[in-house]
Protein chains: 2
Amino acid sequence: MKTAVELTQLFRNTGRKVTAQRLCVWRLLEGNTSHPSAEVLFEEARRELETISLRTVYQVLRELEELGECMSLDLGTGASRFDPNVDAAHHHLVCTSCGKVRDLYADFPSVEAPKTGLDGFQVGSAEIVFRGTCAECKSNAGLNGSTRPKALVS
Amino acid sequence: MKTAVELTQLFRNTGRKVTAQRLCVWRLLEGNTSHPSAEVLFEEARRELETISLRTVYQVLRELEELGECMSLDLGTGASRFDPNVDAAHHHLVCTSCGKVRDLYADFPSVEAPKTGLDGFQVGSAEIVFRGTCAECKSNAGLNGSTRPKALVS
DNA sequence: TATTAGTTAACAATTATTGTTAAAAGTTAA
DNA sequence: TTAACTTTTAACAATAATTGTTAACTAATA
Ligand SMILES: [Mn+2]
Ligand SMILES: [Mn+2]
Ligand SMILES: [Zn+2]
Ligand SMILES: [Zn+2]
């Protein structure tokens, strides 16, 4: 999780220009634990930079991913979710009702692919996704019939 | 994992007609451990039923899912993958190179969401996805530069 | 056999994402 | 400050996976 200043260096060092858009997207992502989608970041970004385009947000996110400064998560919520926390190993809780994504910092030492019976499949990583219902959706249960993930409504 | 005969009963009992298409899709899925996509099932189905449409395959898959006879998995490989194994709890190995999906039957007793620190999030299920390289892709490494999942090419 | 459900074709639509192009604007090195 | 070079933007088009739609046709069942 780099600061905006560090990102500036990184952009320069990789031959990229330090633009308001790049900084803005990074600032919105830095330390953000909500795992926003590109759309959500776009909505937030245009509050600061009224003319920023969704296209640019996608481009910057891709770049940040290539630079190893964020990762995109496919959690089955429709859109990719972006996570700036690439350093600390962690897992995710996904609300199947609203699409909210929370971090779960817990070590599961037993989660390691067996050595045998893999038919030569070489395992690189293990992700655990816990699915369930977030507190908010639980208390709203029955009030409305909405099954549509709120976090994804454009 | 029901047999075709059992499925016939299920269709009848739920007021559905027993059609060649429904039976065909189920027959292709029954005991199938390859986690095929709808497209793949469609290609296979039309060998038996030349006139079957992709639309129908999607419809039948949805139905089977509603009936609890299969589940669709979103493993980040582009298309949903269908799994008839809804009874035995298991996890998946996903080849990041070709998109192949293998079952992993292993019990990870420690994988249980902590009771505390969840902010009221109620956890229902835990899926573990192991990502890596399948044997075939490992031996093909470097031969071609293909990063495109072969299993997904239409 | 009549009724009803299911299938097909042939499209349109949707969502998330990437591609494209040209013009405008911004960044940086000199 | 200027010139060169990148980026951004707008305005679309395109893609891939999936679902919606309609009408005609076909098949299953009572
Ligand atoms: Mn996270
Ligand atoms: Mn499986
Ligand atoms: Zn929720
Ligand atoms: Zn592979």
Side-chain angles (χ1 to χ4, degrees), chain A residues 7-26 35-43 45-46 48-66 72-82 99 147-149 151-154, chain B residues 7-26 35-43 45-46 48-67 72-82 99 147-154:
Chain A
L7 244 277
T8 296
Q9 291 311 313
L10 183 57
F11 284 145
R12 289 238 168 82
N13 294 343
T14 55
R16 291 173 166 87
K17 293 187 171 174
V18 178
T19 67
Q21 291 81 353
R22 285 180 173 141
L23 291 176
C24 178
V25 171
W26 175 250
H35 308 83
S37 65
E39 276 284 354
V40 165
L41 286 168
F42 171 57
E43 298 299 341
R46 69 195 319 186
E48 304 179 35
L49 272 168
E50 316 85 34
T51 68
I52 196 172
S53 71
L54 178 58
R55 193 74 192 74
T56 298
V57 172
Y58 272 113
Q59 261 159 212
V60 173
L61 286 170
R62 273 223 140 223
E63 266 187 326
L64 289 172
E65 207 180 340
E66 281 163 16
S72 101
L73 304 173
D74 191 342
L75 298 169
T77 56
S80 293
R81 309 290 286 257
F82 296 88
T147 319
R148 192 89 46 77
L152 297 171
V153 170
S154 56
Chain B
L7 244 275
T8 295
Q9 292 310 315
L10 183 57
F11 284 145
R12 289 237 167 80
N13 294 344
T14 55
R16 290 172 167 90
K17 294 186 173 175
V18 179
T19 67
Q21 291 81 353
R22 284 180 174 142
L23 290 176
C24 177
V25 171
W26 176 250
H35 308 85
S37 65
E39 276 283 354
V40 165
L41 287 168
F42 171 57
E43 298 299 340
R46 68 197 318 187
E48 304 179 33
L49 272 168
E50 315 85 35
T51 68
I52 196 173
S53 71
L54 178 57
R55 194 71 191 75
T56 297
V57 172
Y58 271 114
Q59 262 159 209
V60 173
L61 286 170
R62 271 223 142 223
E63 265 187 327
L64 289 172
E65 208 180 339
E66 282 163 15
L67 292 170
S72 102
L73 305 173
D74 191 342
L75 298 168
T77 57
S80 292
R81 309 291 285 259
F82 296 87
T147 318
R148 194 90 44 78
K150 183 181 168 189
L152 297 173
V153 170
S154 55

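Order of the sequence lines fixes the chain letters, A, B, ..., with proteins taken first and strands second; residue numbering starts at 1 for each chain. Here the structure is a predicted model, which means the values were calculated and not measured.
- Note: CG (Leu49(B)) to C1' (dT8(C)) measures 12 Å, nearest angstrom.
- Residue Val57(A) is the one, among Phe82(B) and Val57(A), whose nearest nucleotide of DNA chain D lies closer to the 5' end (criterion: closest heavy atom).
- For the pair Gln59(A) CD and dA10(D) P, the computed distance is 13 Å after rounding to whole Å.
- Nucleotide dA10(D) holds its P atom 11 Å from the CD atom of Glu50(A), rounded to whole Å.
- Nucleotide dA17(D) holds its P atom 14 Å from the CZ atom of Phe42(B), rounded to whole Å.
- Taking atom CG of Asn13(B) as the reference point, atom P of dT29(D) lies 12 Å away to the nearest angstrom.
- Ranking dT28(C), dT9(D), dT29(D) by closeness to the Ser53(A) side chain, first place goes to dT9(D).
- Among the heavy atoms of the strands lying under 4.0 Å from Arg55(A) is at least one base atom, whether or not backbone atoms are also near.
- Donor-acceptor pairing under 3.5 Å is lacking for the side chains of Ser53(B) and Arg55(B).
- Counting any heavy atom pair closer than 4.0 Å across all strands shown, Arg22(B) reaches sugar-phosphate atoms only and no base atom.
- Between Thr19(B) and Leu54(A), it is Leu54(A) whose nearest contact on DNA chain D lies nearer the 5' terminus.
- When the P atom of dA13(C) is taken as reference, atom OH of Tyr58(B) falls 19 Å away, rounded to whole Å.
- Across the protein-nucleic acid pair, Arg62(A) atom CZ and dT7(D) atom P stand 16 Å apart, rounded to whole Å.
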